[in-house]
Protein chains: 2
Amino acid sequence: MDNLVDKKKCIIKSALCLIQEHGFHGCPVSMVAKNAGVAAGTIYTYFENKDDLILGIYEYVVEEIKNYVTERDDISLSFKDRFYNYWKNLTDFYELNPSIHGFYDQFLNSPFNSEETQNKPNAWHEYAYSFFNEGIKRGEIKELNPIVLSILVNTNVNSIVRIKKNFKNKLAKNNMVLDEISHLIWDGIKAK
Amino acid sequence: MDNLVDKKKCIIKSALCLIQEHGFHGCPVSMVAKNAGVAAGTIYTYFENKDDLILGIYEYVVEEIKNYVTERDDISLSFKDRFYNYWKNLTDFYELNPSIHGFYDQFLNSPFNSEETQNKPNAWHEYAYSFFNEGIKRGEIKELNPIVLSILVNTNVNSIVRIKKNFKNKLAKNNMVLDEISHLIWDGIKAK
DNA sequence: ATCGACTGAATGAACGTTCAATCACAATGC
DNA sequence: GCATTGTGATTGAACGTTCATTCAGTCGAT
């Protein structure tokens, strides 16, 4: 039965790249099928419809991010070090997986990201939430809303990666500057 | 001939709301036409095609943002005060015009925002660029790339407005926290 | 009478989705 | 070991719908 899981993942990965490149429209099911090396009809054995496919991609993406970041968290470190790790790992992950970054950015601001989707249990969001919550409990960061904190940090990482992507060549000297943003945020949220 | 300008604006405004709500797809030209009180064909006297309409909305949106922020800038103030003004005005504008905020967020991360679009002259980006550039020249902020600076500030304002929108009710106490982000950023970019 | 904006039904291409037919393969019977 | 049957994934042509776009005809101002 592993074959079925593989094929589903294969469809998801194909769609991920294409959607990132062409947008949600601009990426017909037939194109996804061709790219994944299956017939159009096959997609409908794995997904109810195109919307369901897109939600499936989102779930996959969120799972991948969570795995990468949690695997590299080290709870024996100080929270400050864990924060910088979190930042670096998320950045690395997006840079290693530009199409995930592109898809995620697009999805977050699209109407697909409905209130319903946002309220669904989401391992990545829950992890990020509990991560910052722990920092608060340990008294190492200010008593802010952990949800807000995680959104802010994720947004900043997100946009820094986007800036690096867009300004790849013109920006050699300023990568340094971008990396400083993490210090800036840490200084802002750490307990005084 | 003012009638023509008005009608064009009317079409743009109608499309703006609908796209913000339903996404670029999910918003057919016929729907825009109905909402604007014109026939579908009329849209084609003002725009070459749907893509051109969407770019037209973008240009309109960018113009509106620029006007609001520049009109409220006061060059006689210290750069620090001007920075806080900039932040507040941009925030206010998005909160007064949620559909512009929604559209802009969506547009920035979509394939419509192509390299070509990004390289087109853009009064708002140029203003933001020159704003931060002046801060650097005056020696009041660090020597960072002004483009990077403006993107970072705009991104943070953007996402704070989004957080406020999404957490409207649950967040009474934390608005304060969100407003603190501006201090945090200022502390990070000001000259030492 | 002229001209350009406007209309909205018509067009045709594109797309999501379906489904009858096919295929791969495992289980069963001989 | 071989033939038969059953099962469920796979295919891709076909369907019906939606949509962007067109254009012949109308309207209204000059």
Side-chain angles (χ1 to χ4, degrees), chain A residues 1-60 103 106-107 110-114 116-117, chain B residues 1-60 103 106-107 110-114 116-117:
Chain A
M1 288 297 112
D2 234 24
N3 222 350
L4 298 192
V5 176
D6 284 354
K7 191 157 285 184
K8 188 169 181 180
K9 258 198 184 160
C10 174
I11 292 169
I12 284 179
K13 283 181 185 175
S14 294
L16 180 60
C17 291
L18 293 170
I19 286 178
Q20 185 267 141
E21 199 175 343
H22 300 107
F24 295 119
H25 57 324
C27 172
V29 172
S30 59
M31 196 192 259
V32 174
K34 202 174 180 184
N35 197 245
V38 301
T42 304
I43 289 177
Y44 290 83
T45 54
Y46 297 95
F47 303 95
E48 261 181 47
N49 50 43
K50 198 184 174 184
D51 280 19
D52 189 42
L53 166 61
I54 288 167
L55 290 178
I57 301 171
Y58 175 64
E59 279 164 26
Y60 165 79
F103 174 89
Q106 218 175 124
F107 183 90
S110 78
F112 284 107
N113 190 19
S114 60
E116 200 197 328
T117 310
Chain B
M1 286 300 108
D2 234 23
N3 223 351
L4 298 190
V5 176
D6 284 354
K7 191 158 283 183
K8 188 169 182 180
K9 258 198 184 159
C10 175
I11 292 169
I12 285 179
K13 284 182 184 175
S14 294
L16 180 60
C17 290
L18 292 169
I19 286 177
Q20 185 268 141
E21 197 174 346
H22 301 106
F24 294 119
H25 57 325
C27 171
V29 172
S30 59
M31 197 191 261
V32 174
K34 202 175 178 183
N35 197 244
V38 300
T42 304
I43 289 177
Y44 290 83
T45 54
Y46 295 97
F47 303 97
E48 262 180 48
N49 51 43
K50 197 183 175 183
D51 279 19
D52 188 41
L53 166 61
I54 288 168
L55 290 178
I57 301 171
Y58 175 65
E59 279 165 26
Y60 164 78
F103 174 89
Q106 220 175 122
F107 183 91
S110 78
F112 283 108
N113 191 19
S114 62
E116 201 198 328
T117 310

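Only a predicted model underlies this, so the values are computations on that prediction, with no experimental measurement involved. All chains are named by letter (A, B, ...) in the order of the sequence lines, taking the proteins before the strands, and each is independently numbered beginning at 1.
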(request) For B:Ile43 and D:dC19, give me the distance from atom CD1 to atom P, rounded to whole Å. (result) 14 Å
(request) Could you work out which one of D:dT21, D:dG12, C:dG16 sits closest to the side chain of A:Ala39? (result) D:dG12
(request) Respond yes when some side-chain nitrogen or oxygen of A:Tyr46 is under 4.0 Å from OP1 or OP2 of D:dT10, and no when none is. (result) yes
(request) Rounded off to whole Å, could you give me the CD1-to-C1' distance for the A:Ile19 and C:dG16 pair? (result) 14 Å
(request) Take atom CG of B:Asp51 and atom C1' of D:dT21, then tell me their distance rounded to the nearest Å. (result) 13 Å
(request) Rounded to the nearest angstrom, tell me the gap between atom CD1 in A:Ile54 and atom P in C:dC15. (result) 14 Å
(request) Among the candidates D:dA20, C:dG16, D:dT11, find the nucleotide nearest to the side-chain atoms of A:Val29. (result) C:dG16
(request) Answer yes or no: does a side-chain N or O of A:Lys7 lie under 4.0 Å from OP1 or OP2 of D:dT10? (result) yes
(request) Go through C:dG16, D:dT11, D:dT21 for me and flag the one nearest to the B:Lys50 side chain. (result) D:dT21
(message) Side chain of A:Tyr44, heavy atoms from C-beta onward: which of D:dT10, D:dC19, C:dT18 has the nearest atom to it?
(response) C:dT18
(request) Using atom CG of B:Leu18 as one end and atom P of D:dA20 as the other, report the distance to the nearest whole Å. (result) 12 Å
(request) Select one nucleotide: of C:dG16, D:dT10, D:dA20, the one nearest the side-chain heavy atoms of A:Thr45. (result) D:dT10
(message) Given 3.5 Å as the limit, does a donor-acceptor pair link the side chain of B:Lys13 with the main chain of B:Ala36, or not?
(response) no
(message) Can you measure B:Lys8 atom NZ to C:dA5 atom P for me and round it to whole angstrom units?
(response) 13 Å
(request) Would you kindly say whether B:Thr117 and B:Ser114 are connected by a side-chain donor-acceptor distance under 3.5 Å? (result) yes
(request) Round to a whole Å and report the spacing from CD1 of A:Ile11 to P of D:dA9. (result) 12 Å
(message) Could you report the tightest heavy-atom contact between A:Pro111 and B:His22, atom names first, then the distance?
(response) CG-C, 3.6 Å
(message) Which nucleotide wins on minimum distance to the side chain of B:Ala40, given the candidates C:dT7, D:dT10, D:dT21?
(response) D:dT21
(request) Let me know, please, whether A:Gly26 or A:Gly41 comes out on the 5' side of the other along DNA chain C by nearest nucleotide. (result) A:Gly26
(request) Please state whether the phosphate of D:dT11, meaning OP1 or OP2, lies under 4.0 angstrom from any side-chain nitrogen or oxygen of A:Thr42. (result) yes
(request) Flag this pair as yes if the NZ/CZ of B:Lys50 is under 6.0 angstrom from the six-membered ring centre of B:Tyr44 and inside a 45 degree cone about the axis; otherwise no. (result) no
(message) Measure CZ/B:Phe24 against P/D:dC19 and give the value in whole Å, please.
(response) 17 Å
(request) Compute the ring centroids of B:Tyr58 and B:Phe112, then answer whether they are less than 6.0 Å apart. (result) no
